[in-house]
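For reference, the structure discussed in these notes is given below.
Just so we're on the same page: letters track the sequence lines, and every chain starts at 1. Basis for what follows: all heavy atoms, side chains included, without hydrogens, waters or symmetry-related copies.
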Amino acid sequence: MQVFHRSTNTISRVSVFGAVFFLAVLLWLFYELEASPYTTRQYVAREQPVQFSHAHHVADDGIDCRYCHTSVEKAAFAGIPSTKICMNCHSQIWAETAYLEPVRESFRTGASIQWNRVNDLPDFVYFNHAIHVNKGIGCESCHGRVDQMPLAWQASRLQMGWCLECHRHPERYIRPREEVFTMGYVPAIDQAVLGPKLVAEYGLRSRRVLESCTTCHR
Amino acid sequence: MTAPAASVPAEEARLYGIVAEFETPGGLVAAARRVREEGYRRVDAFSPFPIHELTEALGIRSTRLPWIVFVGGVLGAATALFMMWFSATIHYPINVGGRPLASWPAFIPITFELTVLFASLAAVFGMLALNGLPMPYHPIFNAPRFAMASRDRFFICVEAKDAMFDRERTARLLDSLGASIVSEVEG
Amino acid sequence: MKPPTLLPSLPPAPGPAKDPAPSAPADFASLRRRLEEERGRGRWRSLEELAAAPEFEAALPPEFAEGADSPAPIDRREAFRMLGVSFALAGLTACTRQPEEKIVPYVRTPEDVVPGGTPLFFATSMTVGGYATGLLVESHQGRPTKAEGNALHPASLGAADVFGQASLYGLYDPDRSQTLTYLEEIRPWPAFLGAMRTAVEAQKPSRGAGLRILTETVTSPTLAAQIQALLAGLPEAKWVQWEPLSRDAVRHGARLAFGEPVDVVPNLSRAAVILSLGSDFLGHAPGHLRMARDFAARRRELASIEGSKGGGVRLYVVETAPTITGANADHRLAVRPSEVERLARSLMAALGGTGGGSPSTGNAFLSAVASDLAAHRGSSLILVGDEQPPAVHALGHAINAALGNFAQTVTAIDPVEARPADQLAELRTLVEEMEAGRVDTLLILGGNPVYDAPADFRFAERLAKVRLRVHLSLYADETSTLCQWHVPRAHFLESWSDARAFDGTASIVQPLIAPLYDGRTEHEVLGALTDRPERSSYEVVRDFWRTRLGPDFEGAWRRALHDGLVADTAFPARNVPRPEAPPAAEEARAGGETGLEALFRGDPNLYDGRFANNGWLHELPRPITKLSWDNAALFSIATAGRLGLKKEDVVRIAFRGASIRAAVWIEPGVPDETVLLHLGNGRRKSGRFGTGLGFDAYPLRFSDALWSAPGVEVRKEGDTWPLACTQLHQNMVGRDLARAADVEEFRRDPDFAHRDELEKEPSAADSLYRPYPSDTYAWGLSIDLNACIGCNACVLACQAENNIPVVGKDQVRRGREMHWLRVDHYYGGNPENPEHFFQPVPCMHCEDAPCELVCPVGATVHSAEGLNDMIYNRCVGTRYCSNNCPYKVRRFNFYHYSLQFRAPSMKMLPNPDVTVRWRGVMEKCTYCVQRIQGAKIAADIENRRVRDGEITTACAQTCPTQAIVFGDLADADSRLSRRRREPRSYALLSELGTRPRTSYLAGLRNPSPKLPRPVRAGWSELEPEKETGQR
Amino acid sequence: MTDSSRELPRTSSPGDPDRDIIGPGYTFASITDKISQITLSRRTPRFWFVGFALAFLLTMVLFGAIGWLFLKGIGIWGVNIPIGWGFAIVNFVWWIGIGHAGTLISAILLLLHQEWRTSINRFAEAMTLFAVACAGLFPLLHLGRPWLAYYLLPYPNTMALWPQWRSPLVWDVFAVSTYGTVSLLFWYVGLIPDLATLRDRARRKGFQIVYGMLAMGWRGSARHWHRYETAYLLLAGLATPLVISVHTVVSFDFTIGIVPGWHSTIFPPYFVAGAIYSGFAMVLTLAIPLRAVYGLEDFITIRHLQNMAKILLATGLIVAYGYLMETFIGWYSGNPFDWYMVKNRLLGPYGPTYWLLIACNLLSPQALWWKRVRSSPWRLFLIALLVNTGMWLERFVIVVTSLHRDFLPSSWGMYVPTIWDWATFIGTLGLFAALFFLFIRFLPMISIFEMRTLIPEADVETPAETRSRREATP
């Protein structure tokens, strides 16, 4: 007596040997999800209490990064400009626009503007801007073309694998100190030549040190 | 007592083969020998438990399975060793307890386990593949009383595809071998 | 994901929860939400507003998961949730998405604040018992996070003691009193000013006859001046001082000896032979940090081979209660209190002085001491403990004088106290006047007399007879509840004030942060009585010094603030009449049997009870007993045996009708027939920690028996009280762990620390593996057991630096304390009067670390500079590393202990440079890697190597004796490398081949050749004492 | 049915309980029916419902304990510093050990041509699977952060990190999962022909479909049988070293450590022996009631019990040797830490557990020297239970008493299990029982097709019959 129909043969075989591929695909999907902008929020422009445009301030006005991010060269934290810094200019220009009211209000009331964090590392990661900037890692290398961002977004994955890439091969990304704050920097000579030279000149630590856990986790 | 041939629809195409049922393993083996001596090649026997004599009686060639398993094992060992060596020395070399990056003695257990794992998977899936399983539907199940093949009855089947197959002669031959029942099976 | 916060088996949070907090619960919720947003080190970002936020009165979530394993309180809902969780395990895995975070910049960045940059340090001073010790406090964006010693301050020299280290916890203690209240009702400050105004007006006619001011010991020139000014206006008013751990005896002694209350300052740097008569000069005494430093320096001289002649120091200790000073003695004699004076007199006599003692007390110890002292005229030193009777102090002075030690090892100076007085007598008169109803208004500025005044003064009931009672204190404590007005006191880290150090140096107290609650200083409260109540304490202090800092006030003032002290204000040495030994009083000669005698001493951790709500100090194991949380009644082995007492038995101790219940602990080294009681515990009204923990010994303390009560009765109650001891085995079972030798032995065989064949470190040839080279730096640590006095400062420094949570008594009993650094204590020699070994044990940072090998996820691996890194965020919590760590220095978050840092005020405590660890994660000493990385980055920016001494670990920095040195082994002439080359240098359990980076210098003892050597080996013969059920 | 009535009365030689591995008077048909009816036709006995209900209850206790654990953290257990591992690891090793008998019986005994294995291997393998399932739970539960357990696996991740290959715990992950997988395959492959039998015997369509799917359309073809047996043999060949390796790796969890009492070369062999020991004890614990309840005395005969008893005795002696050597080396090594550990084990606060373990594992099996004991099911049952207990105690002694006093007396401590430790342990017993009850209800607990080969008629070389039959036909 037959229990099953002919078709079940094909079905059963496909399902048995298909299971294997299914698992593989699942694993791959998991990785993709982890690395995807959904998880990392890469490329996602953040709304801000004041629609501050880096593109305008950097590209059009040509203001240097350090004018606002004051502590980037001497501290772990690049520094978010205090309201005072905004007002340095905006007490003169655009002093009336409703657009900038939140800034003026903050300045009046002394209540800080609460920005939405764009580049955010987990709390167990201790990134230090000063050392990177001083060793010739350009803002652009991690933050991307800020001069082209109307609303700032996170330009990199900011995941460990991504960090390690540079900690393992700094020569691929290092640039002359004076070029650190340039946007759209192009190495004058071949990076393959320049990179190692700068690495030696700036006395970067060895891969072993840069790969050591407590370099970033404390 | 031959099965009522009339009951079989007269289309060769839909005929799968002729099945004979035996009560003892001995009977089955003897029958298998004769059928093969007669020159039939597309013959298969069905029994509720493995009968080694059938192997030579039906002239079944020894299987390639062992080689598949061997390959599986080698693959497993290679995968394990490469994975550990690559990750520990090339991808993220880091000092763990002052041990060498490639501390091969520590790599042995996992290498062994993966060898066994891959080999076993090869054995099982290889066996299934070679046997063409899973195959929930098979013409032979149409044979009357074939359910007994998984209890205490022994069957032999000569497929219609066989060059020498002839409804009458084959049926008569099987009947002459002491089958308790001989019947045709549609495919 | 958010960790489960529900703790069903916990009582509602005590204290503030019940207070009528002005902030509506809704506000609190919003605050919590806002705080929830910044986690871990991100927490500090928006503190500027927080510090001002009114929500600080909010209640705290319970901090510990105590008793969480009791299955009882699980309701249906709970049960379903449990099942749910277990089924949903799979779902928990892959959620690594960063939560949205706010970033809150300054509106106007304050000067020299670099957000997220290097912290600022401010000098201030902490007073304990009136005497100031300089501190240097680290501040991150206006948030004090860590206290260090002030190197410029004579009483600190860069070191801080446990109280100094723990002061931060005190500052952020959520249980501190937060509102000004009148009869339990909240009142605004002006209301108080008004009340005081009228009170003073009322006193004017009687010229203040009804006004009394009760303070703690005052050394603050400003405060003294304020009070004097007030009294000038109201001459009939009186100012009374009271310190429960009183130094009356010292003052009396001085009077007896010199006819006036001079202070005598010892100078240990010149002392070759020291005799301590019950003085705990290494533990608790004015200037003890300084003395410890000098003592250790002398001890070090023993270690230099050529130092054989002249160098070094020998310490004899005659003491009644075991202290770390006694533990560090070369010869220790445990006597009952009544015998000290006789000993002193005999010694006096033996040194050919007059004193009524008979030199012929055939006491080997005494004669040895006598001859040793006689041999070191001018370089010997007698120190007498505060608890000793005046006569002994006088004798001490006399002997010092007889030995010509004045101007050598001791100098007399004008009294440091603003108004030296017989505090006990003054307090007695006060209570009598209160009784007589002659006190109309009583201002209690600090202190807690209801709790700590002598029992026979019945202070509480007399207080009720005072019409107007005002209490200024950090906590709403026993005294506050009996006063109409309670004024929350500003913590010293929130206050402007000043005080004097042991040598008279005027030290500035400056605030690190605006008062978290509306706390007030004594200056402001006193100001309320004057006609200029609006003056801030800043103005008061500044105005006081304006006239005293010479022409360039601004400059001098700025310098004073920077240094934390006013330059050259140490009192000059003065000459005093040659002291004579006082005639022996009757009972002293009598001496004799007095039955069981109770000793009262300040608690090593809680002092007189003022630190009773400090979690860090509670959890800190007491130096010798290693008891944390509760105190206990300590008995000697023999006495306990006689009374049939076991550890954790509860006894009732009765004296003159008063009686208390206390748990028993057996402590070798307590004199027989005495029971040692530590004061300051068993508070009736304090915060979550203080209230009800331990037992209160004050009820047994009478004004005529402040320090020892002869003839107490001890009765076994039958029940037991669990005690949390962090070290059940203070016995090396024959293993040579904390190594030490006599100087003679050391001179004969400098390599004595490496003699044992079994303990030889395997040579490199024994290993199959090539050692990894260190990259640029090779960090290491060395601990000098010859210098370590076991004072515990390093333990708290580590806890403060590294965000180590407090886990509570229950967890400690289960063996789950989190201290990254512990000070092991072992006994040796004769159990009746044992020898002590202290051994601080941090992570060894083994080069071949057993822990690393077994971690399945590589959460602990080696850094290129030889650190044994611990990466919390990778740890899955198998605890295998801890099992495999022979030193057991790893600590595990069995529960979500760090939840305690989520409490509103506690959020400000953590060090932003150190990750706050979460549940299920292993942690351990990192050599303060955050400091290492900080210094390396600074150095790399300047393209140079890190200099030797540029990096210090928290433990090394605070160590009073500089026993701990951190440094770079790759640098051959770093201090560390030099130490490593010393013959005494050895590694703990080196025979295991772990190749530790932490090493020890074996200890040295300098016993008198005239006295029998103590057995050096640990108690190998003794079986380890019976386990209690705990751990 | 008709054709079975036409069979001549076939009986094997009159039974000798000591030699027979199958009772007298069985035919292909009767074996098939007797075993398959337990799952198909026969009414489920009341004891099954009672037993299953109880087991299910305990399983819920397990889930409850796990839930609370995940809510609160590992702190609800008695573990602490220095005793970082408690019941969780004890139970893990215990269950894994039990899990060894099944594969051992089906693999090693198969290679050794031990025919008597056929009637016990099926449920022994099932037992293995369920034991491994219970065991596998614990390494997960004992983690501080179980939701990150996947860190132990090599998987593509954005952190560019790998497991730490030198850690025995990672070896465990591979060993246990491999063992689980291979045992499952082995068990399933063995089931296929029987599933076909059930498919053909089942009357209800539903059962036909379910069993049919699982049977994959097995039809007993000679060619299939040929490859089938090759595969089965190869699996056995692979499983044999695997079985040895698994408990060796588990013993590495301890031997790789430097803890006195762990760091010892004798562990692998005596762990494996111990595993077989406890495994067979568990098989007996299950087999004896089963054969009584389902009247399988003819399939699981006294001879089976005797053989297992002998293996029990043999492995028991090996384990005893292990204890002896451990103690001896503790003294002989001259290592003060090891020697103290030994003294502490015998006389320390946990001394009683050690002596109890000696009583259970060392003394009780000595009774097996007597044939009277070997051939008395209930005596065997009792001893089996004792051995199970003893083996659990052994693991407790190894884990706890080694850890609680290691190198520095300053950090010595005590371990006191909490109610949650117990709940979790008992819970897994429930889980195990529940799974086993389901198994005996829905699958043939004895390999039918292998049983068929045991009766004389399976032997082909009796052509006489057939010839006579041929003459009989007209």
Side-chain angles (χ1 to χ4, degrees), chain B residues 66-129 131-136, chain C residues 761-780 843-871 874-875 878 880-887 890 924 987 990 992-997:
Chain B
W67 290 105
I68 299 179
V69 174
F70 175 75
V71 172
V74 172
L75 210 64
T79 317
L81 272 177
F82 176 77
M83 174 173 68
M84 291 187 278
W85 169 81
F86 171 76
S87 62
T89 64
I90 308 297
H91 189 234
Y92 206 146
I94 195 154
N95 171 358
V96 175
R99 306 308 195 269
L101 293 176
S103 11
W104 60 266
F107 295 169
I108 293 173
I110 292 178
T111 311
F112 172 81
E113 299 298 339
L114 282 196
T115 312
V116 172
L117 182 63
F118 279 44
S120 313
L121 290 170
V124 173
F125 287 100
M127 184 269 285
L128 291 179
N131 285 350
L133 297 179
M135 190 188 287
Chain C
E761 175 168 357
S763 73
D766 300 342
S767 171
L768 288 173
Y769 311 131
R770 278 182 294 97
Y772 280 77
S774 274
D775 188 301
T776 328
Y777 305 105
W779 307 119
C843 174
M844 298 290 145
H845 290 269
C846 313
E847 309 231 5
D848 296 347
C851 52
E852 293 176 3
L853 187 67
V854 297
C855 175
V857 292
T860 181
V861 291
H862 237 63
S863 87
E865 290 154 1
L867 294 179
N868 170 236
D869 289 349
M870 179 71 222
I871 307 95
R874 179 67 177 173
C875 178
T878 66
Y880 199 174
C881 52
S882 167
N883 290 346
N884 213 32
C885 172
Y887 311 95
R890 295 179 154 262
K924 67 161 191 70
S990 57
L992 298 178
T994 51
R995 302 172 55 221
R997 279 284 176 92

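The two residues Tyr769(C) and Gly98(B) come nearest to each other via the heavy atoms CB-O, 3.9 Å.
Between atom CD1 of residue Ile94(B) and atom CG of residue Asp869(C) there is a gap of 7.5 Å, rounded to the nearest 0.5 Å. Atom CG of residue Asn95(B) and atom CG of residue Asn868(C) lie 10.0 Å apart, to the nearest 0.5 angstrom.
In this structure a side-chain-to-backbone donor-acceptor pair under 3.5 Å is missing from Tyr772(C) to Gly97(B).
Using a 4.5 Å cut-off between non-hydrogen atoms, the part of residues 846-861 of chain C that approaches chain B consists of Glu847(C), Asp848(C), Ala849(C), Glu852(C), Leu853(C), Val861(C).
Taking a 6.0 Å sphere around CZ of Phe70(B), one finds it holds 12 or fewer heavy atoms contributed by other residues, nucleotides or ligands.
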